[in-house]
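So the structure is just underneath, and the comments pick up after that.
For this chain, numbers begin at 1 and follow the sequence in order.
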Amino acid sequence: MKTALKTYCKNFVHQHSTLIENMSYMTLLQVFLMIAPLITYPYLVRVLGKEVNGWVLTAQMLASYFSILIDFGSNSVCAKHVAVAKGDKSKLSEIVCSVFYTRFALAVTGFFIYIAIVLLVPSYRTHATLFILSYGMTLNELLFPQYFYQGIEKMKLTAITNVVIKLIFIALIFIVVHSPEDYFYVPIFYAIGYGVAGLIAMWIIFRNMHIPISMPSWSAMKIYIKDSASIFATDVVCTIKDKVNYLLLGAFIGMESVTVYDLGLKLNSILAQPYNIIRTVIFPRSAQTRDLQKIKKSILIIFLITLTSVILVNLFLDPIVAYFLDDATIDNLPVRLLLIAPVILSVSVPIATNVFVALGYNKYVLYSIIVTTVVYLVALLALLFSGHLSSIYSFIFLALISYLTELLYRLYAYKKIANLEHKKNEYDTKN
């Protein structure tokens with residue numbers, strides 16, 4: 001029995017060595033990215049002061065919106081094209097160069113819009129230098145081709161490069177930043193780090209992997225732009241919708257509720273890491289094999305892992321909340337209710353990426369967001385006009401009803417796609 005189990009384990013590791021390696025490096029990266037802010041955040045708050053650090057974070061937040069513009073959904077979509085074209089250097093060159101030229105055009109256009117916003121908002125204008133330097137954060141989206149390494153299933157470079165750059169950034173923060181006057185070094189270090197990481201990644205593609213630099217035709221570029229557009233629209237709508245809840249919660253209920261709500265979302269983000277790692281790692285295989293049975297099994301595994309994690313967090317939630325909020329008297333029920341979200345999303349998100357995007361049905365991602373947004377707005381207006389928008393539970397209800405609607409629509413679309421794929425396979429078999 002032991003020998004048979006040992007043999008099975010060896011065979012499994014041998015057959016799935018690439019997946020296991022990529023998952024290991026992605027896990028390393030995600031764990032490090034969660035730990036890194038916990039190292040620098042308290043230090044920057046203490047050294048810069050809450051007000052100055054608040055401006056640094058505000059500038060970073062504004063720049064992050066333009067990062068969404070520059071990416072334009074390409075990291076999600078173009079990994080599929082790379083996975084399918086693996087081995088065809090001419091096609092890979094077309095993909096990488098098309099994405100870079102599109103991102104460059106968006107980065108330049110975005111910069112002028114960004115400057116206009118900074119100059120038009122009086123409080124931003126007084127910190128114009130900080131805001132301009134913070135735009136350097138968008139170099140990550142402009143230069144780093146994460147979609148390429150994900151598509152060829154070489155996540156090792158992405159993980160190692162990000163960890164090394166972050167470690168250098170953390171070291172420089174402690175070495176150089178010692179007073180509020182040193183605040184401008186923070187965005188400079190970010191820009192240098194992202195710029196160097198991106199250039200190294202590009203150098204490896206064009207020099208070491210011998211992918212030629214080319215000028216793709218406009219018709220070729222339009223294919224990738226059109227393919228990414230629905231994901232970009234989805235990212236924009238989701239970002240706006242998520243921020244609206246924060247603003248309304250603060251306006252109608254109070255900042256204490258915002259803090260509790262924010263903690264719930266942060267715990268959700270942590271619990272999302274396992275399913276984000278798994279779906280990212282298996283994405284190229286999903287795009288290549290189009291095997292819905294294997295995708296279905298992976299989603300079931302993701303769901304069970306997430307459900308187990310949520311149960312464990314709920315068991316230890318009292319000390320967790322007391323630690324983060326430094327208050328043992330806060331009612332934890334809102335956080336417990338928000339922890340339902342990761343369970344729903346553990347099925348909904350993998351369907352969107354590993355079925356809709358991987359198999360080329362991108363429009364269903366956008367459709368699901370449109371349906372969800374309509375339901376969200378109807379529910380929000382109903383609560384507002386009925387006078388029930390008066391507690392944090394109203395906003396938790398809005399979040400959960402949105403996620404549940406999204407899941408139900410995606411399950412409906414999944415069934416549709418499964419039927420289409422089955423008919424395609426039958427046709428291919430006959431012919």
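Here the side chains of V347 and T306 are not in contact, with every heavy-atom distance at 4.5 Å or above. Here the side chains of V99 and Y147 are in contact, with some heavy-atom distance below 4.5 Å. By the 4.5 Å heavy-atom criterion applied to side chains, D227 and H81 are counted as neighbours. Residues I225 and W218 are in side-chain contact: their nearest non-hydrogen atoms beyond the backbone lie under 4.5 Å apart. Here the side chains of R290 and K424 are in contact, with some heavy-atom distance below 4.5 Å. With contacts defined as side-chain heavy-atom distances shorter than 4.5 Å, the pair F148/M209 qualifies. Proximity of L267 to V335: side-chain heavy atoms (C-beta onward) are separated by under 4.5 Å at one or more points. Contact check for C78 versus S228: side-chain heavy atoms found under the 4.5 Å cut-off.
Scanning all heavy atoms of the two residues, the minimum distance from P187 to L130 falls at CG-CD1, 3.9 Å. The shortest non-hydrogen separation linking Y135 to T138 is O-OG1, 2.6 Å. The minimum heavy-atom distance linking G151 with K86 is given by the pair O-CE, 3.6 Å. In terms of heavy atoms, I299 sits closest to P350 at CG1-CB, 3.8 Å. Scanning all heavy atoms of the two residues, the minimum distance from P145 to I205 falls at CG-CD1, 3.4 Å. Across all their heavy atoms, S346 and I302 have their closest contact at O-CG2, 3.4 Å.
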Residue pair I175, Y185: steps toward the side chain to side chain contact (heavy atoms under 4.5 Å, CB included) verdict: CA-CA 11 Å; I175 293 169; Y185 284 119; over 6 Å; no

Candidate pair Y114 and S134, rule side chain to side chain contact (heavy atoms under 4.5 Å, CB included), full reasoning: CA-CA 11 Å; Y114 182 85; S134 295; 4.0 Å; yes

Side chain to side chain contact (heavy atoms under 4.5 Å, CB included) between V56 and L48, worked out: CA-CA 9 Å; V56 171; L48 299 180; 4.3 Å; yes

Side chain to side chain contact (heavy atoms under 4.5 Å, CB included) evaluation trace for R103 with F100: CA-CA 5 Å; R103 286 181 172 185; F100 175 75; 5.6 Å; no

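Between atom OH of residue Y403 and atom CG of residue L407 there is a gap of 12.5 Å, rounded to the nearest 0.5 Å. For the atom pair Y414 OH and N419 CG, the distance stands at 10.0 Å (nearest 0.5 Å). Taking CG from L420 and NZ from K415, the interatomic distance works out to 13.0 Å, rounded to the nearest 0.5 Å. Here CG of L338 is found 11.5 Å from CG of L271. Values are rounded to the nearest 0.5 Å. Note that CG of L142 and CD1 of I70 are 6.5 Å apart. Values are rounded to the nearest 0.5 Å. Between atom CE of residue M137 and atom CD of residue Q60 there is a gap of 4.5 Å, rounded to the nearest 0.5 Å.
Within a 6.0 Å radius of CZ in F206, other residues, nucleotides and ligands contribute more than 12 heavy atoms. Residue-environment remark: OH (Y101) exceeds the threshold of 12 foreign heavy atoms within 6.0 Å. Annotation for Y412: atom OH does not count as buried by contact number, only 12 or fewer foreign heavy atoms lying within 6.0 Å.
Checking Y224 against E94 by side-chain atom types alone, a donor-acceptor pair falls below 3.5 Å. For the residue pair E421 and Y361, a side-chain donor N or O sits within less than 3.5 Å of a side-chain acceptor on the partner. Side chains of S67 and E141: a donor-acceptor N/O pair is present below 3.5 angstrom, by distance only.
Put simply, the side chain of S348 never gets that close to the backbone of L345: no donor and acceptor are under 3.5 Å apart. Within the 3.5 Å criterion, the main-chain N or O of K89 finds no donor-acceptor partner in the side chain of S93.
Taking the six-membered ring for Trp and thresholds of 30 and 60 degrees, F169 and Y190 have ring planes inclined between 30 and 60 degrees apart. By the 30° and 60° cut-offs, the orientation of the rings of Y364 relative to F356 is tilted.
No option in Y124, Y183, F184 other than Y124 meets the ring pair (Phe, Tyr, Trp, His ring centres under 6.0 Å) test with F131.
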